[in-house]
Amino acid sequence: MIDLHVHTTASDGTFSPSEVVKIAKQSNLSAIAITDHDTILGIQEAKEKAEDLGIEVISGVEISADFEIEMHILGYFIDVNNNKLIDNLLLLESFRHQRNPKIVEKLQQLGYNITIDEIIEVAKDSIIGRPHIAQVLVNKGYFNSPKEVFEKLLSFGKPAYVKKDKLKPFEAINILKESGGLAILAHPYKFLYLEEGVENVFEELKLYGLDGIEAIHSEHSDIETKKLIELANRFSFLITGGSDFHGKNKPDIKLGVGRNNIKVDDEILERLKERLKK
Ligand code: AMP
Ligand code: ZN
Ligand code: FE
Ligand code: FE
């Protein structure tokens, strides 16, 4: 079994790249993809550890794109030295630096005692995300869990939500493909309303060069997964799967098996590699 959606401390996971690879080995996984939000800085460490332990690490990234609330696009087998990729990831980081102080300002106005320096201290060298902001509020005793902070303050539509600038989906797909990778729509059921207009969305993404969809994911029900596999077949998309492991930031999601015992077969990776050759 494999897991193609994994976060580390390079973004908002709580385990370092080496620790994640160690957990993957202990969980008997043969391969994992490191897919941090908008950064590739965890990949090298993970690959080095993977070589020691004899498992495979695929270079990946999860890019936030602008669509309705948000759309996440996963890249696999990307060239981490590609300049266009690196430049665009820096741009995405600058969008975060524009947004984060605005969230802090809103939180202060709501009466929470929090500063940007406290967030940087929690995030250390990671790409700063809302989970780090949530962690500061949990550490200060305002809330019991990051999840609670999202539900009350940080999620879309809540009082401390601030929209972040993003790339357009076609830009994200282009960047991933130009860096030699495959582009996959992450967890379609998290942000898309699949009952209406999904054909149009998939059609458009197909035109941009999307290679596949993440049908198997911790936040998809069995029925949703089945429906996505049917849609993938209809659009000739590859299917992929992963847990979206974040360590203690999402404690109910386990590496490799996610929340509801998902299974991602090695064969899925073989099909990605075949597509890459073409
Ligand atoms: P950002 O990239 O800074 O906009 O933060 C988004 C990230 O926050 C997501 O990718 C998740 O990892 C995390 N997140 C979103 N919603 C929740 C939630 N309800 N509970 C815990 N973490 C969440
Ligand atoms: Zn995340
Ligand atoms: Fe995501
Ligand atoms: Fe993710």
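We count ligands from 1, going down the list as the structure has it; atoms in each ligand are counted the same way.
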key: Atoms of ligand 1 close to Gly129 [distance to a heavy atom under 4.0 angstrom, numbered from 1]   =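 Listed by number with element: 3 (O).
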Taking [atom] as the reference point, the nearest protein heavy atom with its distance:
atom	result
atom 2 (O) of ligand 1	Arg96 NH2, 3.0 Å
atom 16 (N) of ligand 1	Phe150 CD2, 3.4 Å
atom 11 (C) of ligand 1	Lys250 NZ, 3.5 Å
atom 5 (O) of ligand 1	Arg130 NE, 3.4 Å

request  = Look at the rings of Phe235 and Phe237 and say which category their plane angle falls in: under 30° parallel, 30 to 60° tilted, over 60° perpendicular.
outcome  =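 Ring orientation of Phe235 relative to Phe237: parallel.
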ask   = Would a hydrophobic clustering, with Ile, Leu, Val, Met, Phe, Trp and Tyr connected at side-chain separations under 4.5 Å, put Leu53 with Ile32?
value =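 As far as the 4.5 Å side-chain criterion goes, Ile32 and Leu53 are connected within one cluster.
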Does [X] come within less than 4.0 Å of [Y], counting only side-chain N to carboxylate O?
X	Y	result
Asp52	Lys25	no
Asp211	Lys177	yes
Lys152	Glu148	yes
Glu171	Lys84	no

key: Under 2.8 Å from the Zn ion (ligand 2), the protein N, O or S atoms, given as residue and atom   =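 You should have found Asp12 OD1, Asp12 OD2, His37 NE2, His246 NE2.
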Answer side chain, backbone, both or neither: which part of [X] comes under 4.0 Å from ligand 1, heavy atoms only.
X	value
His37	side chain
Asp12	side chain
Arg99	side chain
His7	neither

key: Full working for side-chain contact (heavy atoms from CB on, under 4.5 Å) between Ile55 and Lys22   = CA-CA 9 Å; Ile55 84 166; Lys22 218 170 118 191; over 6 Å; no
Pairs satisfying side chain to side chain donor-acceptor pair (under 3.5 Å), at least one member in residues 133-143, at least two apart =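 For residues 133-143: Glu118-Lys140, Gln135-Asn139.
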query = Under 4.0 angstrom from ligand 1, any heavy atom of Pro131?
reply =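 Yes.
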key: Over 12 foreign heavy atoms within 6.0 Å of CD, Gln44   =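 No.
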The Fe ion (ligand 4): protein N, O or S atoms [distance under 2.8 Å] =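 Result, waters dropped: His5 NE2, His7 NE2, Glu62 OE1, Asp244 OD1.
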Judged by modelled atom types alone, do [X] and [Y] share a side-chain donor-acceptor pair under 3.5 Å?
X	Y	result
Asp3	Ser243	yes
Ser179	Asn82	no
Ser30	Asp266	yes
His72	Glu62	yes

task = Please indicate whether any nitrogen or oxygen in His246 is less than 3.5 Å from any nitrogen or oxygen in ligand 1.
result =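 N/O-N/O distance below 3.5 Å exists for this pair.
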request  = Compute the shortest N/O to N/O distance between Lys147 and ligand 1 and return yes if it is under 3.5 Å, no if not.
outcome  =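 No: no nitrogen or oxygen of Lys147 is under 3.5 Å from one in ligand 1.
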request  = Using the test side chain to side chain donor-acceptor pair (under 3.5 Å), find all partners of Tyr208 that sit at least two apart in sequence or belong to another chain.
outcome  =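 Side chain to side chain donor-acceptor pair (under 3.5 Å) check on Tyr208 returns Glu204.
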query = How about His5 and His246: are their ring centroids closer than 6.0 Å?
reply =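 Not close enough - the centres of the two rings lie 6.0 Å or further apart.
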